[in-house]
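Down below is the structure, laid out as structure tokens.
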Protein chains: 2
Amino acid sequence: MSISSRFAVGIHILALIDLNKETASSSEFIAGSVNTNAAVIRKIMGMLKKAGLIEVQPGVAGAKLSRELSEITLFDIYKAVNVVEENELFSIHDKPHPDCVVGKNIQSTIEPIFMAAQSAMEKVFQNLTLEDIVKDIEAKESVQ
Amino acid sequence: MSISSRFAVGIHILALIDLNKETASSSEFIAGSVNTNAAVIRKIMGMLKKAGLIEVQPGVAGAKLSRELSEITLFDIYKAVNVVEENELFSIHDKPHPDCVVGKNIQSTIEPIFMAAQSAMEKVFQNLTLEDIVKDIEAKESVQ
DNA sequence: ACATGATGTAATTGTTTTGGTTACAAGTAA
DNA sequence: TTACTTGTAACCAAAACAATTACATCATGT
């Protein structure tokens, strides 16, 4: 099991749009950097657009960020690309036997724990922004 | 995307073995409580056995916990049933273009963040034991 | 107006994972 | 021996992913 790479690609796309501001980042160009098909990029960019993170116009090459780098958290991207449903990171077997002490109670016992675990994970993304990503990339670049 | 219910079922199995100590919990019996096939239960119990959490003997019905309830964390179970690989909760697109500023650095920038998020999630399970689960179930039971 | 090139989106495909199912070898015990 | 259990292997349908192809639609420059 693994969470879709749409999330990583989404971060890649947004960072690239910013670091490549001077020229238009077409889906073809981004696809070259990500190393995938342009249609895949357009699909993910569609999600980012729908979430209000970027502005794109049909027919015109490129996209721009809707907000400041520091105003876009990784959690925003995570939600935009829809890689994990709300409180459904962990699946629970359904219809455990209601006549059994464990079967009757296991779901309500486990659910809040799974929710807490998912929240702990998501909080990491809430505390990081695209600015952190871009600055980290720039720092690595300046060293080389 | 969702993490396999093997984890939830693993917790269910162990809690049931404990709460049903007085009689032997055969795979058939457990399957009834979980509401699935006995072969599925045996497969998961094989993982729990391999991880040293339970003791089972071929041919003889039932299983017993290898350690005290308080000595078995949810993280132990999580690892035992192998639902998420080490540091691979999030997948990252591979072979981004090395001639691109973003493509060259994105992986090393994102990886530690993804690891931190996964760790935050796993820590929740490290801080909970089967004892917490069983006590919670017993508490619910005593109210009814 | 028209050609060019871009985005938006649907349909298809191969691969992998999941959970369920059947079957059966091998062990245990009355 | 008989009955029951665990341990596995094999197989299947369904779902998710990422890649790919195709094409409608839009924008722009000549």
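Bear in mind the structure is a predicted one, so any value in this text is a computation, not a measurement. Letters A, B, ... are given to chains in the order of the sequence lines, protein chains preceding strands, and every chain is numbered from 1.
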Interatomic distance where [atom1] belongs to [X] and [atom2] belongs to [N] [whole Å]:
X: B:R6; N: C:dT17; atom1: CZ; atom2: C1'; answer: 9 Å
X: A:K95; N: C:dG20; atom1: NZ; atom2: C1'; answer: 14 Å
X: B:E28; N: C:dG20; atom1: CD; atom2: P; answer: 14 Å
X: B:F7; N: C:dT18; atom1: CZ; atom2: P; answer: 14 Å
X: B:I3; N: C:dT18; atom1: CD1; atom2: P; answer: 10 Å
X: A:I17; N: C:dA6; atom1: CD1; atom2: P; answer: 15 Å

Next on the checklist: Considering only residues two or more places apart or on different chains, which pairs with a residue in residues 105-130 of chain A satisfy salt bridge (Lys or Arg N to Asp or Glu O under 4.0 Å)?
Outcome noted: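 Sorted result for residues 105-130 of chain A: empty, none.
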
Next on the checklist: Could you tell me if the side chain of B:Q118 sits less than 4.5 Å from the side chain of B:E85, heavy atoms only?
Outcome noted: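 The answer is no; the side chains never approach within 4.5 Å.
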
Next on the checklist: Which residues pass the side chain to side chain donor-acceptor pair (under 3.5 Å) test with B:K49, not counting sequence neighbours?
Outcome noted: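 Listed in chain order: nothing, the list is empty.
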
Checklist entry - Excluding sequence neighbours, so at least two apart, what forms ring-ring contact (aromatic ring centres under 6.0 Å, His included) with B:F114? => result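 B:F114: ring-ring contact (aromatic ring centres under 6.0 Å, His included) contacts with A:F7, B:F90.
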
Checklist entry - Are OP1 or OP2 of C:dG19 and a side-chain N or O of B:S5 less than 4.0 angstrom apart? => result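 Indeed, a polar side-chain atom of B:S5 lies that close.
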
Checklist entry - A:L65 and A:I54: side-chain contact (heavy atoms from CB on, under 4.5 Å), yes or no, with the steps? => result CA-CA 4 Å; A:L65 303 185; A:I54 57 176; 3.9 Å; yes

Item to check | Along DNA chain D (nearest heavy atom to each residue), the more 5'-positioned of A:V83 and B:S26 | outcome: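 It is B:S26, whose closest nucleotide lies nearer the 5' terminus.
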
Item to check | Opening and closing nucleotides of DNA chain D in contact with chain B, under 4.0 Å to non-hydrogen atoms | outcome: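 With heavy atoms of chain B under 4.0 Å away, the range is D:dT5 to D:dC17.
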
Checklist entry - Measuring from B:T129:OG1 to B:I77:CD1, what's the distance to the nearest 0.5 Å? => result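 Result: 9.0 Å between the selected atoms.
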
Next on the checklist: Considering every strand and a 4.0 Å limit on heavy-atom distances, what is the contact class for B:A39: base, sugar-phosphate, or nothing?
Outcome noted: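 The residue B:A39 makes base contact.
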
Checklist entry - What does B:T36 touch in the nucleic acid at a heavy-atom separation under 4.0 angstrom: a base, only the sugar-phosphate, or nothing? => result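 Sugar-phosphate contact only - B:T36 comes under 4.0 Å of backbone atoms but never of a base.
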
Item to check | For A:A8 against B:I92, the heavy-atom pair lying closest together | outcome: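 Nearest heavy atoms, A:A8 then B:I92: CB-CA, 4.0 Å.
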
Checklist entry - Does any residue of residues 40-59 of chain B have a heavy atom under 4.0 Å from DNA chain D, and if so, which ones, in number order? => result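 Result for residues 40-59 of chain B: B:R42, B:K49, B:V56, B:Q57, B:P58, B:G59, sorted by number.
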
Checklist entry - Is there a donor in the side chain of A:N20 and an acceptor in the side chain of A:T23, or the other way round, less than 3.5 Å apart? => result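 The answer is yes; a qualifying pair exists.
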
Checklist entry - With sequence neighbours excluded, what pairs up with A:E22 under the salt bridge (Lys or Arg N to Asp or Glu O under 4.0 Å) test? => result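 Not a single residue meets the salt bridge (Lys or Arg N to Asp or Glu O under 4.0 Å) criterion with A:E22.
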
